[in-house]
Amino acid sequence: PSSSSSPQSPHREQDSEPPATFVIAGGGIVGLVLALAIKKHLGVTPEIYEKARGFAEDVGAGLGLYPNGMRVLRDIDPALLHSIRAAGHPYQYRIWEKHDGTEVAKANEDFLAGGEQELYSIGIKRWRLQDELYAAVSKARIPIHFRKATTNVVEREEDGLMEVHFADGTSRLTQVLFGVDGSKSTVRQVFADPDIQLSYTGITCLMGTAKCPIQRQGIHFPSSVTSKFHAVYFPVGENEQCFQIHFPIEAEQTDKNDWGNLTSAEGKVQFESLAQNMQEDGWDKQYLDPLYSVDHAVRVGFALLNPRLDRWVYGRNRRVVLVGDAAHPPVPYVGQGAQMGIEDAGTLVLLIKALCYNEESGALDLSNFGKATEIYERLRIPRTSSILDCSKSYGDMQERRTHRSSGSFQDLLIQGEVMMNDTVAEMLPGATFNYAEDVRRALKREEKKRRSLKHSTSTNSALGRDQMKEALAQLWGGTMPFV
C-alpha cells in the first residue's frame, strides 16, 4: 500500500455526508478505548472501521490488566472499570516457581496499585474485555463498521482531508485518522519508512484457556532447566485460567502461516502432547491439568519493529496518528502490551482536550492538533520504548532461569529483588505509572516555555505586538489554545 494524491473515488462511502472528524482504523481493545475516551473527554463521536466480521468468543486467550491501564478506563467511566473487573479475576500474588512446584519467591500484587483496591491487577479473557468495551461503545452510540479492512490512505492535496480506503472498494473522508490496526498496521505501512519491518524475536508462544481453578490465586511463573522453557499461568475467572508456554525456536524452524487460533482438535492434540512431555520432565500436576482441559488455544510468534519508529504522526498537517501496537508491537513478559496502547489513547485524548477543546462552549478547534501530537510523541515514544526494554529484560531473565548454568543464580536475584522492592524491578515502571499526571507535567512545561517566551518578547523593544503573537503561535503550532 502507498499514500498518494488521487482523483475522486467512484466508490466513496457516505459521499453525501460531511467528512468525519475522527476515524479510527481498527476496532480492537485499544481502538475501542480510544473511541470511548474521545466521546467522554471531547464530546465528539468518532467512527470505527474494523476488518473483522464481528466480535466473537474465540478471539485470543487471556491477558492481564494493570493499574496504569485501569486508570485510563476509570477516567472514562468508573462503571466501565467495575464491569470489566467483574468479568475478570484479581491476582493476589505474583509467584515464581520451579517446574516441580517449589516456590522461589512470592510478592503481594496489591503493592502495584498503591492501595487502590479498584486498581488491583486482574486477569481476563480477551473476548470478555472486548465484549465489555463493545457494550460501552454501543451504549455511547459510537458507530463501528465491520468488514472494513483498511487498504490505503490518501492525503488530499486540495483540502488536507484523509481519504481512507477499504478492501470492499468503499472509502471515508476524515479530518483525522488514528491508525490502531495492530502490529501489522496498514496505516503504518502507508506512511512510515518502508525499511522498518517486523522482525521475529526467536520466541514462539503456545497459549490457551481452560476451565480449571488455579492454585493460590495469583499469577505464576514456573520455569524448567529440564524442559528448557518457561511459562505463565494466571486466573481469568473464578474457575478459569490462562497459560502461556514460551519456547525459543529459530526463525527457520517456524511456520508463520500456523500462527493464530488453533482449532479445538489442533489445540487438544498439541497441548496433550506437550503435557505428556512435561510430565516426563517432572512438572507439577498444577501445570499439567489446564493443558489437558484446554478449551481455546492460540499459537503466536513474537515480532518487534526493527528499527523502532522514531515518529508516530504523519501527514502535512500531522493528522495521521499511530496508536498502540501499530506504533510499538510488544513482547508480553511484564503484561504491558495492552496497557501501553491504553495509555497511548488516554494520553492523546487528554492532550487534544487541553489544546483543542473549549470546555465552556464545547467547541473543538483542531488548529492546535499538531502541537498536541507533538507532545504525544515526545511523551509516548520514550515511555513505550522504556517499557519494551523492561519487558525484554524480564523475558531474558525468565529465559536464563531455564539454563542449568544460570537458573539458580537468577532465582536468587528474584528473591533479593522481591525482598527489597516488594516485586521485581521490571514491574514497577509499567504498572505504577499515572498517565494523567504525565500529561499534566508536560502541559506545565509547555506553559512555562510559553510564559518565558512571552516575557522575553515583552522586554525586547525590537519585537512589536504582532511579532510577539506570531512567535507565541509558532510555539503552540498554530492558533493559541483555549487553556
Side-chain angles (χ1 to χ4, degrees), residues 28-29 32-33 55-67 69-70 73-74 77-95 97 101 106-110 112-113 116-136 205-222 231-246 261-264 267-268 271-272 274-275 284-300 332 334-339 342 431:
I29 288 168
L32 296 175
V33 171
F55 295 140
E57 295 185 8
D58 63 348
V59 175
L63 73 157
L65 283 178
Y66 289 90
M70 285 189 274
L73 299 173
R74 182 175 62 181
D77 185 356
L80 172 63
L81 175 59
H82 178 78
S83 67
I84 288 172
R85 293 191 63 84
H89 200 279
Y91 305 158
Q92 289 181 278
Y93 305 106
R94 182 167 293 263
I95 308 168
E97 296 153 321
K106 181 173 73 173
N108 288 313
E109 190 72 359
D110 58 4
L112 297 175
E116 294 189 75
Q117 190 168 358
E118 64 183 353
L119 298 180
Y120 286 2
S121 310
I122 67 168
I124 187 170
K125 283 189 171 182
R126 181 173 290 273
W127 72 262
R128 285 185 183 145
L129 174 58
Q130 197 166 50
D131 196 49
E132 293 295 334
L133 293 171
Y134 183 41
C205 178
L206 272 175
M207 64 181 76
T209 55
K211 293 181 173 63
C212 181
I214 198 165
Q215 291 189 19
R216 291 192 297 174
Q217 293 298 321
I219 181 167
H220 298 247
F221 298 90
V232 185
Y233 292 73
F234 58 93
V236 291
E238 188 65 35
N239 292 299
E240 297 176 293
Q241 60 178 289
C242 177
F243 47 89
Q244 303 171 348
I245 317 291
H246 301 280
N261 290 335
L262 302 178
T263 67
S264 177
K268 182 178 176 62
F271 278 107
E272 283 188 359
L274 177 60
D284 190 73
K285 185 174 182 293
Q286 64 178 304
Y287 310 125
L288 305 178
D289 288 347
L291 275 62
Y292 286 115
S293 305
V294 63
D295 55 30
H296 182 65
V298 179
R299 184 196 298 111
V300 62
V334 293
Q336 285 293 314
Q339 321 310 306
I342 293 170

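Both backbone and side-chain heavy atoms feed into the values below; hydrogens, waters and symmetry mates do not.
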**Aromatic plane relationship, Y287 with Y233 - under 30° parallel, 30 to 60° tilted, over 60° perpendicular** = tilted
**Item:** Close side-chain approach of E109 to Q92, heavy-atom, < 4.5 Å
**Value:** no
**Request:** Taking all non-hydrogen atoms of both residues into account, name the closest pair between A61 and V298 and its distance.
**Result:** N-CG2, 4.4 Å
**Fill in**
Heavy atoms of L291 and F271 approach each other most closely as O-CB, 3.4 Å
**Interatomic distance, L73 atom CG to L129 atom CG [nearest 0.5 angstrom]** = 7.5 Å
**Asked** Between Q241 and Q215, is there a donor-acceptor pair closer than 3.5 Å when you use the side chain of the first and the backbone of the second?
**Response** no
**Request:** Return the minimal non-hydrogen interatomic distance between P67 and A113, and the atom names on each side.
**Result:** CG-CA, 3.8 Å
**Prompt:** Could you state the interatomic distance from CG (D289) to CD1 (I214), rounded to the nearest 0.5 Å?
**Reply:** 11.5 Å
**Nearest heavy-atom neighbours spanning E132 and S83** = OE1-OG, 3.3 Å
**Asked** So, do Q339 and L65 sit near enough that their side-chain heavy atoms are less than 4.5 Å apart?
**Response** yes
**Asked** Which heavy atom in L80 sits nearest to a heavy atom in A136, and how many Å separate them?
**Response** CD1-CB, 3.9 Å
**Asked** Can you name the residues that form a salt bridge (charged side-chain N to carboxylate O under 4.0 Å, His left out) with E240, not counting sequence neighbours?
**Response** K125, R128
**Asked** Do E272 and Y292 have side-chain heavy atoms sitting under 4.5 Å apart?
**Response** yes
**Message:** With heavy-atom distances below 4.5 Å as the criterion, would you say the side chains of V232 and H246 are in contact?
**Reply:** yes
**Prompt:** Do the side chain of D77 and the main chain of A79 share a donor and acceptor less than 3.5 angstrom apart?
**Reply:** yes
**Asked** In chain order, what residues pass the side-chain contact (heavy atoms from CB on, under 4.5 Å) check against R85, with sequence neighbours excluded?
**Response** M70, L81, P90, Y120, I122
**Over all atoms of both residues, closest heavy-atom pair of Y91 and G123** = CE2-N, 3.3 Å
**Asked** So do V294 and F243 actually touch side chain to side chain, heavy atoms under 4.5 Å?
**Response** yes
**Reported CZ-to-CE distance for the pair R126 and M207, which is rounded to 0.5 angstrom** = 8.0 Å
**Prompt:** Quick one: are F221 and R94 in side-chain contact, heavy atoms under 4.5 Å?
**Reply:** yes
**Asked** Side chains of T209 and W127: does their closest heavy-atom pair fall under 4.5 Å?
**Response** no
**CG-CD distance between L63 and Q244, expressed to the nearest 0.5 angstrom** = 9.0 Å
**Item:** Interatomic spacing from CD1 in I95 to NZ in K106 - rounded to 0.5 Å
**Value:** 6.0 Å
**Message:** If I take atom CG from residue L119 and atom CG from residue L112, how far apart are they, to the nearest 0.5 angstrom?
**Reply:** 11.0 Å
